[in-house]
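In what follows, a single structure is set out as structure tokens and then discussed.
Chain A is the first sequence line, chain B the second, and so forth, proteins listed ahead of strands; every chain is numbered from 1.
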There are 2 protein chains.
Amino acid sequence: MSAGVTIGEAARRSGVKVPTIRYYEQIDLLPAPARSEANRRHYEAADLRRLAFIRHARELGFEIEAIRTLLTLQDNPNQPCGTADAIAQARLAEVVQRIRSLTALKIELELMVEGCRQGKVCECRVIEVLSDHDQCESPHH
Amino acid sequence: MSAGVTIGEAARRSGVKVPTIRYYEQIDLLPAPARSEANRRHYEAADLRRLAFIRHARELGFEIEAIRTLLTLQDNPNQPCGTADAIAQARLAEVVQRIRSLTALKIELELMVEGCRQGKVCECRVIEVLSDHDQCESPHH
DNA sequence: GCTTGCTCCTCTAGTCACTAGAGGATGTAG
DNA sequence: CTACATCCTCTAGTGACTAGAGGAGCAAGC
């Protein structure tokens, strides 16, 4: 019989910080674990798996509410997985869009930085471009 | 002598929403404008330029504090522009990094979505990959 | 036993950049 | 004169944590 690990150990193993673990418990994303006599949380393997799942999903940029849904799906594996797929696809669309706009933005910033001759502010391209959107390559950001 | 425009008109011209304009005033990013007899704000051309500058910088992802610095520089154009350049370069580096990690993420999501055969949750790649980071292409997100 | 220092507990408040809503005054068009 | 839009101030909420206060427990070394 394993006694489970402390919150600090769970944090080390999952890569989720201690206060964040407590926060996840508070918002009912993670079930409240058993407590020791001295009122300390201790986590079992199932909790650690759930925590790893959450962390991985957060790294992939899923919002907490999306993760809540995904966890519910995981807990009820007998249903069709259309919902999980839809969530992942929506996230993929967001990411693609975000990459597009960041790439446009990168071009603007590169032009700015290149144009700056390290002179005085009054002739600085950075300030100038920021003042006047018409100087941008792509007008759509 | 122009009487200036209302906050609604300023919002329309700058693309910054009315409550956001008031918020910028509150945090001293935008100077408090003159008021009409009925206590309404009215904005002059200089205010509108400043607002456009702020909006453009926000679109490019600069933080409020960075914009505050950039505005101070703009107000004192006789200084060397190294600071403005440094801010833009830092932002550029962030953007490059963000694009890199989003691209890695896009690959994971595509694999997930492709792998999902629209069956039941118990055989869904989306859930499975989220549960087990080792199944990812790049372990570094 | 005693001290030192780490980890744990709860609770509240702060972060960023807004956004929403209440409750009321003023302006404008028909 | 009556809608209705716009304006005002103020407070509180958002998401996903993060920081800090104030206190208790535990393990190791002396």
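Shown here is A:Arg58, whose CZ atom has more than 12 heavy atoms of other residues, nucleotides or ligands within 6.0 Å.
Distance CZ (B:Arg58) to C1' (C:dC18): 9 Å, rounded to an integer number of Å. Rounded to whole Å, the distance from CZ on B:Phe62 to C1' on C:dC16 is 17 Å. Remark: P of D:dA16 and CG of A:Asp28 are 15 Å apart, rounded to the nearest angstrom. Rounded to whole angstrom, the span from the CZ atom of B:Arg55 across to the C1' atom of C:dA17 amounts to 15 Å. Put simply, CD on A:Glu94 is 15 Å from P on D:dG15, counting in whole angstrom units. We find that CD of A:Gln26 is positioned 14 Å from P of D:dT18, with the value rounded to whole Å. Atom CD in A:Glu25 sits about 11 Å away from atom C1' in C:dC9, given to the nearest Å. Counting to the nearest Å, the P atom of D:dC8 and the CD atom of B:Glu37 are 15 Å from each other.
Interatomic distance, B:Phe53 CZ to B:Ile67 CD1, rounded to the nearest 0.5 Å: 8.0 Å. Rounding to the nearest 0.5 angstrom, the gap separating the CZ atom in B:Arg40 from the CZ atom in B:Arg35 is 10.5 Å.
A salt bridge links B:Glu9 with B:Arg12; the closest basic N to acidic carboxylate O contact falls under 4.0 Å. In summary, A:Asp75 and A:Arg50 engage in a salt bridge, as defined by a charged side-chain N under 4.0 Å from a carboxylate O. For the pair A:Glu94 and A:Arg91, the salt-bridge criterion is met [side-chain N within less than 4.0 Å of a carboxylate O].
The listed nucleotides are C:dT19, D:dC17, C:dT10; the one nearest the side chain of A:Thr20 is D:dC17.
Across the interface with DNA chain D, nearest-nucleotide mapping of A:Ala38 and B:Arg40 shows B:Arg40 to be the residue nearer the 5′ end. Across the interface with DNA chain C, nearest-nucleotide mapping of A:Asn39 and B:Ile64 shows A:Asn39 to be the residue nearer the 5′ end. When each of A:Glu65 and B:Arg22 is assigned the nucleotide of DNA chain D bearing its nearest heavy atom, the one mapping closer to the 5' terminus is B:Arg22.
Side-chain nitrogen and oxygen atoms of B:Lys17 include at least one within less than 4.0 Å of the OP1 or OP2 phosphate oxygen of C:dT19. Listed pair A:Tyr24 / D:dC17 meets the phosphate criterion, a side-chain N or O lying under 4.0 Å from OP1 or OP2.
Nucleic acid contact class of B:Ile27 (heavy atoms, under 4.0 Å, all strands): none. No engagement by A:Arg12 is indicated, since no non-hydrogen atom pair under 4.0 Å with the nucleic acid exists.
When the C1' atoms of four end pairs are superposed on the next four at each end of the helix from C:dG1-D:dC30 to C:dG30-D:dC1, using five pairs per end, the two resulting axes differ in direction by 10°, to 10°.
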| task | Show your reasoning for whether side chain to side chain contact (heavy atoms under 4.5 Å, CB included) applies to A:Thr103 and A:Arg100. | result | CA-CA 5 Å; A:Thr103 304; A:Arg100 230 200 304 278; 5.9 Å; no

